Amino acid sequence: MLIDKTILLVTLLVIVTGCSENKVHYDGEKLLKLKCASCHNLDMPPKTYKDEKAPPMMAVAFHVKDFMKVSSPSDKRPKFINFFQDYVLYPDAKKSFCDKESLASYGVMPSQKGKVSKDEVKAIAEYVFDFYDQDKFLQQMRVQAAFDVLPKGEQIATKKGCLTCHGIDKKKVAPSFKEISKKSSKEIVQVIENGSRGKWKGFERMTMPPFKGKLTSKEKDILINWMKKL
Ligand code: HEC
Ligand code: HEC
């Protein structure tokens with residue numbers, strides 16, 4: 001009995017001191033979703049709604065970055081975080097970077113004092129600053145735009161990872177789709193479903209994985225039609 005109690009006490013002590021020694025880690029992304037998403041849309045690019053309660057977080061991040069005055073680029077992140085910490089707890093029309101019209105239509109943000117702590121806002125602001133990055137966003141839009149103009153079959157082959165092994169008209173670790181397209185549609189479908197190994201000379205060491213259930217029959221049709229036109 002005595003031993004049991006000692007063990008319990010020691011365990012408790014470890015837990016208690018362990019907690020006070022470790023600094024609390026705040027997860028900015030989680031906190032943002034938990035504390036801010038009820039008003040601010042968090043998507044990038046953002047979804048906008050008719051009766052939205054607040055500007056999307058991407059818009060907030062971009063225009064605070066753009067309009068905030070800084071003496072050097074390295075000041076930007078710390079100033080941004082300070083602004084967030086202040087604004088979320090003590091919002092004021094005079095401090096807002098929102099244009100007059102938007103302010104009038106949204107109304108000034110209600111103070112989140114009591115709902116979120118200053119340390120939590122710090123973690124949120126750090127995450128927001130890094131995640132809503134203009135260059136990253138533009139790059140993402142360019143990649144998306146380039147993807148959108150691809151033939152549908154190539155889009156599917158990209159999304160499903162086929163092109164990591166197959167080239168379109170050049171072989172990679174697997175034969176090119178142009179070569180493969182000479183086979184019958186029936187055979188092609190069969191291999192997509194069940195995978196294959198050892199049929200193609202020079203590719204014996206690679207296995208074509210089975211994709212059963214991973215593509216709809218419509219996707220398979222589009223893929224094969226695309227291959228046949230290569
Ligand atoms: C109850 C709705 C609501 C919640 C919850 C809310 N906001 Fe806002 N927020 C708004 C509105 C409305 C505006 C636009 C008007 C303004 O600038 O005050 C705004 C503006 C802001 C601005 C200022 C943008 C500028 O242009 O100056 C920041 C920064 C901001 N919010 C951060 C946050 C963060 C971080 C959270 C979560 C901790 C949060 N907000 C939670 C409604 C909300
Ligand atoms: C991990 C690499 C890998 C991935 C990913 C992969 N394949 Fe393959 N694929 C191969 C290899 C290797 C072969 C040659 C197999 C053989 O020799 O039997 C092959 C062969 C094929 C064939 C040949 C059919 C035949 O009868 O000879 C088709 C069709 C095919 N793949 C389609 C696809 C499609 C569509 C995808 C994406 C949904 C895909 N593959 C993804 C490696 C891959």
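From a predicted model like this one, the values you see are computed outputs, not experimental measurements. Both counts, for ligands and for their atoms, begin at 1 and track the order of listing.
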same_hphob_cluster(Met206, Trp200) at 4.5 Å side-chain heavy-atom cutoff: no
Under 3.5 Å: N/O of Lys35 near N/O of ligand 1: no
Distance-only N or O hit between ligand 1 and Phe97, under 3.5 Å: yes
Per-atom contacts of ligand 2 with Gly161, taking only distances under 4.0 Å to non-hydrogen atoms: 5 (C)
Option nearest atom 16 (C) of ligand 1 (shortest heavy-atom distance, choices Tyr127, Phe62, Tyr87): Tyr87
Contact (N/O only, under 3.5 Å) between Thr164 and ligand 2: no
Protein residue, atom and distance nearest to atom 41 (C) of ligand 2, heavy-atom basis: Phe211 CE1, 3.5 Å
Polar contact flag, side-chain donor to acceptor under 3.5 angstrom, Asp148-Gln144: yes
Ligand 2 atoms in contact with Leu223 (distance to a heavy atom under 4.0 Å): 35 (C)
His40 N/O/S atom closer than 2.8 Å to atom 8 (Fe) of ligand 1: yes
Residue, atom name and distance, where the atom is the protein heavy atom closest to atom 27 (O) of ligand 2: Trp200 NE1, 2.5 Å
Atom 24 (C) of ligand 2: nearest protein contact (heavy atom, Å): Val191 CG2, 3.5 Å
ILVMFWY cluster, Val88 and Tyr106 together (side-chain gap under 4.5 Å): no
Identity of the nearest option to atom 25 (C) of ligand 2, non-hydrogen atoms only, from Met227, Lys199, Glu187: Lys199
Any N or O of Val88 closer than 3.5 Å to N or O of ligand 1: no
Ligand 1 versus Ser102: contacting region, heavy-atom distance under 4.0 Å: neither
Check: His166 ring centroid to Phe177 ring centroid under 6.0 Å: yes
Polar proximity ligand 1 side, Lys95 side, N/O cut 3.5 Å exclusive: no
Carboxylate-amine/guanidinium contact Glu219 Lys159, below 4.0 Å: no
Which residue and heavy atom of the protein sit nearest atom 34 (C) of ligand 2, plus the separation: Cys162 SG, 3.6 Å
Nearest-contact summary for atom 12 (C) of ligand 2 - protein heavy atom, Å: Met206 CB, 3.3 Å
Atom 8 (Fe) of ligand 1 to nearest N/O/S of Gln112 less than 2.8 Å: no
Atom 8 (Fe) of ligand 2 reached by His166 (N, O or S, under 2.8 Å): yes
Metal proximity, Met208 vs atom 8 (Fe) of ligand 2, N/O/S cut-off 2.8 Å: yes
Residue, atom name and distance, where the atom is the protein heavy atom closest to atom 15 (C) of ligand 1: Gly107 O, 3.4 Å
Under-4.0 Å heavy-atom contact with ligand 2, by part of Pro209 that carries it: side chain
Ion pair check, Lys79 and Asp75, cut-off under 4.0 Å: no
Cation-pi geometry met for Lys65 and Phe129 (6.0 Å, 45°): yes
Residue, atom name and distance, where the atom is the protein heavy atom closest to atom 36 (C) of ligand 1: Cys36 SG, 2.8 Å
Point-to-point distance, once rounded to the nearest 0.5 Å, from OH of Tyr127 to CE of Met57: 11.0 Å
Nearest neighbour in protein (non-hydrogen) for atom 1 (C) of ligand 1: Cys39 SG, 2.7 Å
His63 N/O under 3.5 Å from ligand 1 N/O: yes
Within-shell test, Val121 vs ligand 1, heavy atom, strictly < 4.0 Å: no
Nearest non-hydrogen protein atom, atom 4 (C) of ligand 2: Cys165 SG, 3.4 Å
Side chain, backbone, both or neither: Val128 near ligand 1, heavy atoms under 4.0 Å: neither
Min N/O separation Cys98 to ligand 1 under 3.5 Å: yes
